[in-house]
Asker: 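Below: one structure in structure tokens.
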Amino acid sequence: MKKTLLTTLLLGCMTASVAQPRCNADGTVTFQYRNDSAKTVMVDVQFAGRKEMTRGADGTWTVTLGAKGDPKTPVVPDMYPYCFVVDGISVMDPENPQYFPNEGFKNSLLEIPGGGKLPHDIRSDVAHGRLEYVHYYSKSLGATNNAIVYLPPSYISDPQKKYPVFYLISGTTDTEEVYYKVGRVNYILDNLIADKQAKEMIIVLPYGNPTKLLATPPAQGMPQTQFGGDVFSKDLINDLMPYVEKNYRTINNADHRAIGGFSRGGNQALFNGLTNLDKFAYLCSYSSFTSTDIPQVYDNAAETNKKIRLFWLGVGTDDFLYGNARDYMEYLDKKGIRSVKEFTTDKFGHTWMNAKYFLAKTLPLLFNKKVAEEAMKNGQPAPAATGQEQQFTPGVMARLFPKPIVSPEYGDQGVTFRFKAPEAKKVELDCEILPENVAMQRDSDGVWSITMSELLFETFKYCFVVDGTSVCDPSNMYLSPDRGFKYSIADNPHSPFNFASQGDIPHGRTGYDVDRQEAWYMSQMPTQGMTMPKFIQLVPGEGDTMESWFKVGGADAIADRLLADGKTKPCIITTSSLDFMQQSGMPQMPGFSPKVLRADDYPTWSQRRRALFKLLLDLGKEPNPTFPGIPGGGGFGGGGMDGGF
């Protein structure tokens, strides 16, 4: 092969940048970007808008900005999405490891530290919970769905304790990762628990647009704003909640369940909460509203008020949804339904700064009847309409969410990649398993495309090169979590080693330890007669992160499939050096030696996946070792997967 993965990474770095944004002592931020091919570069950041950058003698583009673009006004500490606009094309900052997970737009994240005073600050003086990525078969979807589960710090150390559950849904085009990576819900709750300001709870982060996960999308699509009988609602009630209550230690009644969300997720939360008041007593809407046509709810205020412990509604007065949200609040007032209302004026409208602020306000109220009731008693009426409020109209919807470009698209003839760049002179496909870039063709709408039949069943990283600038695919929600330039991931959803096509099989869980920068996967374990599982250490390659072996390498999906087919043994896969065994005091077995697979021994992710596949097959032929001195081999994890790993 003429071009290895390392070469591909170097090519990506050549087209961009020199440093992450620098937070200056005076509260301003300096952005830097390196691109020798660019004619014009701007930075687009939430606190200042779109501003031109200046190219220096060394070819580095720079600009220093304060709030609203004024270099003399300090920026309020918080987290802000941003990107560079290079000759009219939006690109992420290739030197910033933090990014905004989204189905469409791709932004990097700027964090201006608050000195430990912000609700979402990552504090070293508090215990941190953990996050598990779970997959489960959804009968409502007819396919595998996914979610993220936050477990409070005491969940592992106190194996008898049961917890209330908060189902928290992110907005339109967001993935299930956004409330974690942008909303920082785990750190906000960690801090509140440590300060004894919130109850311990499990938080479940569903994916709000599950039909996008299907290997074959519905013929007519599934409108994301349609509620009542939709797949998301059915999956939430009939599939996700039963999965959570089966696999985690939960308290299963309305007084111990809450539901909330941001934007579309707030709509989904309110609709499902109000139509299932036997299941949810705490309802939260962040920058949203929902249907006023829900039978037996709005016209029966006395009964509804008895069932709801907390009905919390927050929105910014500068949000494009403010008019609709205010109208909904006024509707509730007129119907005699109690609610708590919160308004902001300084968080740039429909933003995740608002979402984090609203979380910090509501988490202390959840599952605390006395505090919640006090908040409800003090709830104020909706402000009077002025006639100047922004309204969410079909025109606004079309502007914010234009018809999407489908890329990559898998068909009988191959996989088609598309990228819209009407002003570009040349666009190429760059992927790690091709010896050189391949030219794409432009249509009359300015959409560049190419169909590759030989790549149909491969998994690989790729990007577009637009007039010399490398750009990830904005239509592909799957990004490679690299340290530098973030490539997109092509992974055929029809493959048996893609979660979308796996059917009704057991799945393990994947967790990421941010403090130690380690990833762990534990396969589904038998409940009886289990011996010690196999251990596999996956060593990330140069430029990889702890997530790479799972999000690009598909280690969890491959293990799930082979285990379901009886071709391998229960296993634990980790990027750790496995020194945890010595640290935790686990019994050591004579001759114990985990299998090790190093990413840098293979030039492409396609080859790495094949190597892992073979390793798992070979493990399936070996006998399982047992813990010495434990009858029948003992168990692992202390009673099912709740014991942790």
Side-chain angles (χ1 to χ4, degrees), residues 12-38 40-102 105-118 120-122 177-178 180-184 187 346-348 351-353 355-356 469-472 474 479-487 514 543 545:
C13 292
M14 285 171 59
T15 61
S17 83
V18 293
Q20 295 179 42
R22 183 177 69 246
C23 297
N24 303 314
D26 62 357
T28 62
V29 180
T30 298
F31 295 89
Q32 300 180 79
Y33 176 73
R34 180 67 182 268
N35 187 324
D36 296 333
S37 302
T40 64
V41 177
M42 293 185 285
V43 63
D44 191 347
V45 60
Q46 205 154 52
F47 64 77
R50 187 171 289 194
K51 301 297 179 182
E52 291 188 2
M53 302 178 72
T54 302
R55 181 174 178 172
D58 64 350
T60 301
W61 299 79
T62 63
V63 68
T64 297
L65 299 173
K68 298 182 180 180
D70 180 2
K72 296 181 180 180
T73 305
V75 181
V76 176
D78 211 317
M79 295 174 65
Y80 300 92
Y82 75 98
C83 67
F84 297 115
V85 183
V86 183
D87 298 332
I89 301 297
S90 296
V91 300
M92 297 170 63
D93 185 343
E95 291 301 310
N96 189 343
Q98 294 192 77
Y99 61 92
F100 197 123
N102 193 273
F105 71 83
K106 302 295 185 289
N107 278 357
S108 299
L109 288 173
L110 163 66
E111 183 169 2
I112 301 178
K117 298 178 181 179
L118 297 178
H120 63 264
D121 280 341
I122 304 174
E177 288 190 310
V178 175
Y180 151 43
K181 292 192 172 181
V182 187
R184 289 277 180 90
Y187 296 116
D346 58 347
K347 302 187 185 305
F348 305 98
T351 67
W352 278 86
M353 279 82 82
K356 295 195 300 294
T469 298
S470 295
V471 185
C472 65
L479 277 178
S480 179
D482 304 308
R483 297 186 186 278
F485 178 84
K486 308 293 186 297
Y487 285 80
V514 178
T545 66

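Note that the coordinates shown come from a computational prediction; the quantities given were computed from them, not determined experimentally.
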Asker: Please round to the nearest 0.5 Å and tell me the distance separating atom CD of Gln32 and atom OG1 of Thr64.
Answerer: 8.5 Å
Asker: Looking only at atom types and distance, does a side-chain atom of Asp482 sit under 3.5 Å from a main-chain N or O of Gly484, one as donor and one as acceptor?
Answerer: no
Asker: Can you find a pair of side-chain heavy atoms, one from Leu479 and one from Lys106, that are under 4.5 Å apart?
Answerer: yes
Asker: Compare every heavy atom of Pro97 with every heavy atom of Glu95, then report the nearest pair and how far apart it is.
Answerer: O-CD, 3.7 Å
Asker: Testing the 3.5 Å rule here: is there a donor-acceptor pair between the side chains of Asp87 and Thr469?
Answerer: no
Asker: Evaluate Trp61 against Val86 for side chain to side chain contact (heavy atoms under 4.5 Å, CB included), listing each step before the verdict.
Answerer: CA-CA 11 Å; Trp61 299 79; Val86 183; over 6 Å; no
Asker: Answer yes or no: is there a side-chain heavy-atom contact under 4.5 Å between Ser470 and Phe485?
Answerer: yes
Asker: Can you name the salt bridge (Lys or Arg N to Asp or Glu O under 4.0 Å) partners of Asp44, sequence neighbours left out?
Answerer: Arg50
Asker: Can a donor-acceptor pair be found, under 3.5 Å and without considering hydrogens, that links the side chain of Thr545 to the backbone of Pro481?
Answerer: yes
Asker: So Met79 and Lys356, do their side chains get closer than 4.5 Å, heavy atoms only?
Answerer: yes
Asker: Once rounded to the nearest 0.5 Å, what's the spacing between atom OH of Tyr99 and atom CG of Leu109?
Answerer: 10.0 Å
Asker: For Val75, run the side-chain contact (heavy atoms from CB on, under 4.5 Å) check against Thr28, Leu65, Asp26, Ile112 and tell me which one passes.
Answerer: Ile112
Asker: Might you point out which heavy atoms bring Asn96 and Pro21 nearest each other, and give the distance in Å?
Answerer: ND2-CD, 4.4 Å
Asker: What distance separates Asp78 CG from Asp346 CG, expressed to the nearest 0.5 Å?
Answerer: 9.5 Å
Asker: Can you name the nearest heavy-atom pair linking Met353 to Lys347, along with the distance?
Answerer: O-CD, 3.9 Å
Asker: Quiz question: by atom type and distance under 3.5 Å, do the side chains of Tyr82 and Asp93 form a donor-acceptor pair?
Answerer: yes
Asker: Got a donor-acceptor contact below 3.5 angstrom from the Arg184 side chain to the Ile122 backbone?
Answerer: no
Asker: Just so I know, are the side chains of Val41 and Arg34 near enough to count as touching, which here means a heavy-atom distance under 4.5 Å?
Answerer: no
Asker: List the atom of Met92, the atom of Cys472, and the distance in Å for their closest heavy-atom pair.
Answerer: SD-SG, 3.9 Å
Asker: Heavy atoms only: give me the nearest Gln46-Pro81 pair and the separation to one decimal.
Answerer: OE1-CD, 2.9 Å
Asker: Side chains of Asn35 and Phe84, heavy atoms from C-beta outward: is any pair under 4.5 Å?
Answerer: no
Asker: Holding to ring pair (Phe, Tyr, Trp, His ring centres under 6.0 Å), I want the full list of residues that pass it with Phe47, two or more places apart in sequence or in another chain.
Answerer: Tyr80
Asker: Is there a side-chain contact between Asp121 and Pro113 in this structure, where contact means two heavy atoms from C-beta onward sitting under 4.5 Å apart?
Answerer: no
Asker: State, to 0.1 Å, how close Glu111 and Cys23 come at their nearest heavy-atom pair, and which atoms those are.
Answerer: O-SG, 3.9 Å
Asker: What's the separation between atom OH in Tyr33 and atom CE in Met53, rounded to the nearest 0.5 Å?
Answerer: 9.0 Å
